[in-house]
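In what follows, a structure is listed as structure tokens, so that the remarks can point back to it.
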Amino acid sequence: VQLQASGGGLVQPGGSLRLSCAASGSNFKINTIEWYRQAPGKQRELVASITSGGSANYADSVKGRITISRDNVKNVAYLQMNSLKPEDTAVYLCSADYVEYSPSGTVVVGRVWGQGTQVTVSS
């Protein structure tokens, strides 16, 4: 299972961006998906998470401005970010818990990370 994050870029304060995290592979199921961010010199921060059933949680720093969602058919998660602030500048990474079913019947449970996508909020 692999994750591909996209959608980052440069945006002015108050602007919006939508990040995507697409999962690919064979015979797998994605469970909880998480978005993290890491700014230079700071610890990695959990921004938002969403379960396979759609239950979402958010960091206090982004509540009301960021919405996480997912499309279980397409195996894609989204992070809609509005009212962006300079302090939102960071590399955003997605992570997912998955179950993979091999042709031999083996079940693998794991966690996969996507590559980061840079979000820069600046005027």
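Put simply, the side chain of Asp71 never gets that close to the backbone of Ala77: no donor and acceptor are under 3.5 Å apart. Checked by atom type and distance alone, the side chain of Gln4 never pairs as donor or acceptor with a backbone atom of Cys21 at under 3.5 Å.
The shortest distance between side-chain heavy atoms of Glu87 and Ser61 does not fall below 4.5 Å. Taking the side chain as every heavy atom from C-beta outward, Pro86 and Ser122 never approach each other to under 4.5 Å. Under the 4.5 Å side-chain criterion, counting only non-hydrogen atoms from C-beta, Gln118 is not in contact with Tyr92. For the pair Val119/Leu19, a side-chain contact is recorded, criterion being any heavy-atom separation below 4.5 Å from C-beta on. In this structure the side chain of Ser6 never reaches within 4.5 angstrom of the side chain of Thr117, judged on heavy atoms.
Within the structure, salt bridge (charged side-chain N to carboxylate O under 4.0 Å, His left out) pairs that include any residue of residues 103-123 comprise Glu34-Arg111, Asp97-Arg111 (at least two apart or interchain).
Between Ala39 and Ala90, the shortest heavy-atom distance links the atoms N-CB, 3.8 Å. When every heavy atom of Cys94 is checked against every heavy atom of Leu3, the shortest pair comes out as O-CD1, 3.7 Å. The heavy-atom pair separating Ala48 from Leu79 by the smallest distance is CB-CD1, 4.1 Å. Contact between Leu17 and Leu84 at its shortest, heavy atoms only, is N-CD1, 3.9 Å.
Qualifying ring pair (Phe, Tyr, Trp, His ring centres under 6.0 Å) partners for Phe28, counting only residues two or more places apart in sequence or in other chains: none. With sequence neighbours excluded, the residues that form a side-chain contact (heavy atoms from CB on, under 4.5 Å) with Ser55 are Thr51. For Lys63, the salt bridge (Lys or Arg N to Asp or Glu O under 4.0 Å) partners at least two apart in sequence or on another chain are Asp60. Residues satisfying the side chain to side chain donor-acceptor pair (under 3.5 Å) criterion with Asn82, sequence neighbours excluded, are Ser16, Gln80. Legend: residues meeting salt bridge (Lys or Arg N to Asp or Glu O under 4.0 Å) with Asp88, ordered by chain and number and at least two apart, are Arg37, Arg65.
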Kindly determine whether Ser24 and Val1 satisfy side-chain contact (heavy atoms from CB on, under 4.5 Å), including the steps that lead there.
CA-CA 6 Å; Ser24 61; Val1 178; over 6 Å; no

Apply side-chain contact (heavy atoms from CB on, under 4.5 Å) to the pair Tyr98 and Val112, showing each step before the final yes or no.
CA-CA 8 Å; Tyr98 68 91; Val112 61; 4.0 Å; yes

What's the verdict on side-chain contact (heavy atoms from CB on, under 4.5 Å) for Val99 and Val108, showing C-alpha distance, side-chain angles and the deciding distance?
CA-CA 6 Å; Val99 179; Val108 175; over 6 Å; no

Would you check, one step at a time, whether the test side-chain contact (heavy atoms from CB on, under 4.5 Å) holds for Tyr101 with Thr106?
CA-CA 6 Å; Tyr101 308 90; Thr106 302; over 6 Å; no

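No chain of hydrophobic side-chain contacts below 4.5 Å, direct or via other Ile, Leu, Val, Met, Phe, Trp or Tyr residues, connects Met81 to Leu93. Under a hydrophobic-cluster definition in which Ile, Leu, Val, Met, Phe, Trp and Tyr are linked whenever side-chain heavy atoms come within less than 4.5 Å, directly or via other members, Tyr36 and Ile30 are assigned to different clusters. Clustering ILVMFWY residues whenever any of their side-chain heavy atoms sit less than 4.5 angstrom apart, transitively, puts Ile68 in a cluster other than the one holding Tyr78. By the rule that hydrophobic residues join a cluster once side-chain heavy atoms approach within less than 4.5 Å of another member, Val47 and Val91 end up as members of separate clusters.
A cation-pi contact, defined as under 6.0 Å to the ring centre and within 45° of the axis, links Arg44 to Trp113.
The local environment of CD in Gln2 is sparse, with at most 12 non-hydrogen atoms from other residues, nucleotides or ligands closer than 6.0 Å.
Within the model, atoms CD1 of Ile33 and OG of Ser95 stand 9.5 Å from one another, a figure rounded to the nearest 0.5 Å. Thr67 OG1 to Tyr58 OH: the interatomic distance, rounded to the nearest 0.5 Å, is 4.5 Å. Note that OG of Ser26 is 7.5 Å distant from CD of Glu100, once rounded to the nearest 0.5 Å.
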